[in-house]
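Working notes for the structure below.
To find a chain, count down the sequence lines: A is the first, B the second, and so on, and within it residues start at 1.
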Amino acid sequence: MRSPRAVKRLAWAACVMAGALAAAACGGGVGSGGSGAVLSSSWGDPQNPLEPANTNEVQGGKVLDMVFRGLKRYDPRTGKAKNMLAQSIETTDSRNFTITVRDGWKFSNGEPVTAKSFVDAWNYGASLRNNQKNAYFFGYIEGYDQVHPETGRQTADTLSGLKVTGPRTFTVRLNQKFSTFPDTLGYAAFDPLPSTFFTDHEGWIAKPVGNGPYRIESYTRGSAMNLRKWDGYPGPDKARNDGVTLLVYTDSNTAYTDVLAGNLDLVDDVPATQLKNVKTDLNGRYINTPAGIIQTLAFPYYDPKWNTPGARKVRTGLSMAINRKQITDTIFRGTRTPATDWTSPVLGADGGYKAGLCGEACTYDPARARQLVREGGGLPGGQVRITYNADTGSHKQWVDAVCNSINNALGNDKACVGNPVGTFADFRNQISQHKMSGPFRAGWQMDYPLIQNFLQPLYYTNASSNDGKWSDKRFDHLVDQANAESDRARAVQLFQQAEGVVRDNMAAIPLWYQNGSAGYTDRLHDVALNPFSVPVYDEIKVG
Amino acid sequence: MGRYVVRRLLQVIPVVIGVTFIIFCLVFALPGDPIQALAGDKRADPNIAAILRDHYHLNEPLYQQYWHYISGVFTGDLGETYNGRAISDIVSERFPVTLKLGLTAFAIEAVIGIVAGLFSALRKGKFIDNVVLVSTLVLISIPVFVLGSVLQLEFGVNLKITPVAGIERGWPQSYILPAIVLASTSMAYIARLVRTSMTESIRADYVRTAIAKGLPQRRVIGLHALRNSLIPVVTFLGFDLGALMGGAIITERVFNMPGIGGQLAQSVYLRERPVVVGLVTLLVLIYLVANLVVDLMYAVLDPRIRYE
């Protein structure tokens, strides 16, 4: 550990000594590929090492999506979980699952993918000592509380609910009934890992090896990652290009300019300032499709003012006082869609998205809004203050717009004001310490495209992201029932009933669904974004 | 002279300790929990958060945290980010970019600024003088990001002479345009500074004497007039070297260069105390060394100034 770093430091010092002006070679020369059907795409350095169970942001997720394939894969268009490495996932009681892995899959270093590749990877991801960001994904598996207790040391190294029963079969026992558990297995945290991950961890981190359609060829931090098509890939979704070069951009405006100049093929986050011109600039080579993100206003139910029957009417009134359409059109220029339920359109009707579930409670109606607020006993404290963080994502604009809309509807200039918190870190701090006194900005980016994921973590009693501490027995009961229901369609129905409870109490005000956007040059064809708003790289054709 | 340099270098030590402590306190005072910031919108895992807080001594009082940090620094360990990356890695990765950019800009502003100022002073009131005055006025009044974006669009997108962004093509292609943008304002100041101080020294007695002695004009201007006019310029340049390194945040962003500026902004956002303190300390060191060099240059430029 010590010596390689020292050598590196020396090498760096030598570079500086050699006279920075002449030291062009010290930067590490990354060619932007260029040869053959290789495309370049905008990117940012992942925050964490590229371990599947430790990557919870979109930039690292992009790479994992190219380099790994899991038991399931979400269809890029419908979001539906389809078997990939899984030959079958069987259960009779929605709690014990038998998983069979397909034959013939290999990692790009030649090692076969077996049941052990999965079980070892999951045990690694769940273990407290490995400090993995996505550990909570394994929280439904039996033994998680021993491997990853809430406090104190772990008392076991492996999940007792996982058992390898054959070279290609293993069993999973959950700590509760969870019928849609198989559909969560498309998330990167559940990817298999080769044995080199455990035997030579440093080496693996420096150059991750997976079982997906691409291999990582090189990575220069802060600059670029080169991925090349893996010719030996056994799966049905072979890459239709020769490779992808991910170039690091710190500013999406610069990436956009580079696309205009033809130096970059694909930018997957068109900056807000360019939205005005994007259609003419790129001549239609612009996509703007729903992502699995919903923005809401959450409420502090730990504050007795907001936890009264009257406050329920006030919340519904506030929801009806917000002119969502106008705000998404003018401020977001169509990159958000007014929300009419608490999930996301990416789920599709089969998956549980139900347009209009919110009904008139999400329809702009100033007169009814005024009436409801009056019936509910007026605004608690005479005024609502919407808390948000001012340092990222231009939240001020839309919060002010929402407040204007409320003020106009209620005919009171002081009914609603924004309450900015200087930094995101402080904002989250105040939320987790339950210091909110009124509505606050909340957003949810799905972990996997299931209606369960939009409801349970946010509204179930004491759930991990239930920041407002909302609690309703009827909702909890319906979710429990849905999780126990083995028939998928029936389970979705029960979840929607639970969502109805959220609506009737207006537990959180749904604002809008966020879209993902991308622009590309005329070299590329068949560009699409998946439900996680990551470009579907393997389908892109170059030339 | 030697003793003077040693004394100055020794003075660096208390300054560095003081500066690191002040910066440490300032970042410490920023509201927000760095461990929670790592988790984004979702809740941080309580047990992992507790382990990390323990590992990075975040539960201890400020002076103890500072002690852990500074004792690490003196043993050559700059610490690590809350993601577990060594800060020395970040520095060795980012610093060369900023150094190349800063020194290129420094060379551009020094050469062009002095030459333009010189010509302007020698042809006072003539056409070239007006050109310099007007163009420097324009440069001073344009914000850096506007100039950066306009040049990027013109030279990168339309004329395709330089890369639009990034450092893939290495030095000098990738660095020349950002360096010009970064140097622009200071370049204008230097030109005006040289012009003013040259105008004064040209009228000075010793220059008239030199001309009367029959010295060739090049020698009069180069050795007698210019050399004496350079003292304020060198002062400015010395100060500016540090500013170029630390103040390139906007330029680095517009031209997508993975330098220290961007890292510093990100680390402040993520409350990564050790990174912020480490990078700022490095910048302070550059300032101090540049200032020492400036002071030594005074003696070279003006033999009446001596150090012992």
Side-chain angles (χ1 to χ4, degrees), chain A residues 5 8-9 11-12 15-16 20-27 29-32 47-49 56-57 128 131 133 135-136 148-152 221-224 247-251 253-255 257-258 260-261 263 391-392 421-429 432 442-445 464-465 467, chain B residues 30-34 36-48 50-52 76 83-84 86 88-89 91-97 99-100 102-104 107 149 152-153 156-158 160 163-168 170-172 175 252-258 262-263 266 269-271:
Chain A
R5 200 181 290 167
K8 222 170 169 185
R9 209 178 310 146
W12 165 65
C15 272
V16 176
L21 288 181
C26 292
V30 184
S32 43
Q47 286 173 6
N48 305 299
N56 61 350
E57 39 77 49
L128 177 62
N131 187 7
K133 292 232 155 57
Y136 66 92
H148 198 123
E150 282 270 310
T151 53
R221 211 166 211 292
S223 177
L247 295 172
V248 175
Y249 283 88
T250 43
D251 186 353
N253 273 299
T254 313
T257 312
D258 247 352
L260 294 188
N263 296 332
D391 57 344
T392 52
V421 173
T423 64
F424 177 69
D426 193 23
F427 176 65
R428 284 303 308 175
N429 235 13
S432 58
W444 181 252
Q445 173 154 30
S464 60
S465 290
D467 288 329
Chain B
L30 284 173
D33 173 3
Q36 174 58 50
L38 287 180
D41 258 329
K42 300 198 171 160
R43 188 185 72 140
D45 185 288
N47 206 345
I48 290 181
I51 292 170
L52 287 178
N83 283 327
S88 47
D89 279 359
V91 171
S92 60
E93 180 186 289
R94 300 249 171 185
F95 197 62
V97 175
L99 202 62
K100 274 186 261 181
L103 290 180
T104 312
S149 307
Q152 187 180 49
L153 204 64
V157 179
N158 293 343
K160 297 193 193 301
V164 173
I167 54 165
E168 275 84 55
W171 197 86
Y175 286 86
E252 282 179 5
R253 205 180 156 102
V254 170
F255 288 96
N256 193 34
M257 312 186 87
Q263 180 68 46
Q266 196 201 342
Y269 176 67
L270 287 175
R271 306 281 170 280

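Within the 4.5 Å cutoff, no side-chain heavy atoms of A/N131 are placed close to those of B/I51.
Listed for the A/D251 side chain is no donor-acceptor partner under 3.5 Å among the backbone atoms of B/V254.
Taking CG of B/D89 as the reference point, atom CZ of A/R221 lies at 9.0 Å (rounded to 0.5 Å). Rounded to the nearest 0.5 Å, atoms CD (B/Q263) and OG1 (A/T250) are 11.0 Å apart.
Residue B/Q266: no heavy atom, backbone or side chain, is found under 4.5 Å from chain A. Both the backbone and the side chain of A/S464 come within contact range of chain B, with heavy atoms under 4.5 Å apart. If you measure heavy-atom distances from A/N253 to chain B, you find no contacts under 4.5 Å at all. Contacts between A/V248 and chain B at a heavy-atom distance below 4.5 Å involve the backbone alone (N, CA, C, O). Using a 4.5 Å cut-off between heavy atoms, A/Q445 touches chain B through its backbone atoms (N, CA, C, O) alone. Proximity to chain B involves both the backbone and the side chain of A/Y249, based on heavy atoms less than 4.5 angstrom apart.
Closest approach of A/A261 and B/K160 over heavy atoms only: O-NZ, 3.1 Å. Minimum heavy-atom separation, A/T254 to B/R253: OG1-O, 3.3 Å. Across all their heavy atoms, A/G152 and B/N47 have their closest contact at O-ND2, 3.0 Å.
The greatest number of non-hydrogen atom pairs below 4.5 Å with chain B, out of A/A255, A/G422, A/P149, A/P49, is found for A/P149.
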Going through the distances and angles, do B/N256 and A/D258 end up as a side chain to side chain contact (heavy atoms under 4.5 Å, CB included)?
-> CA-CA 10 Å; B/N256 193 34; A/D258 247 352; 6.0 Å; no
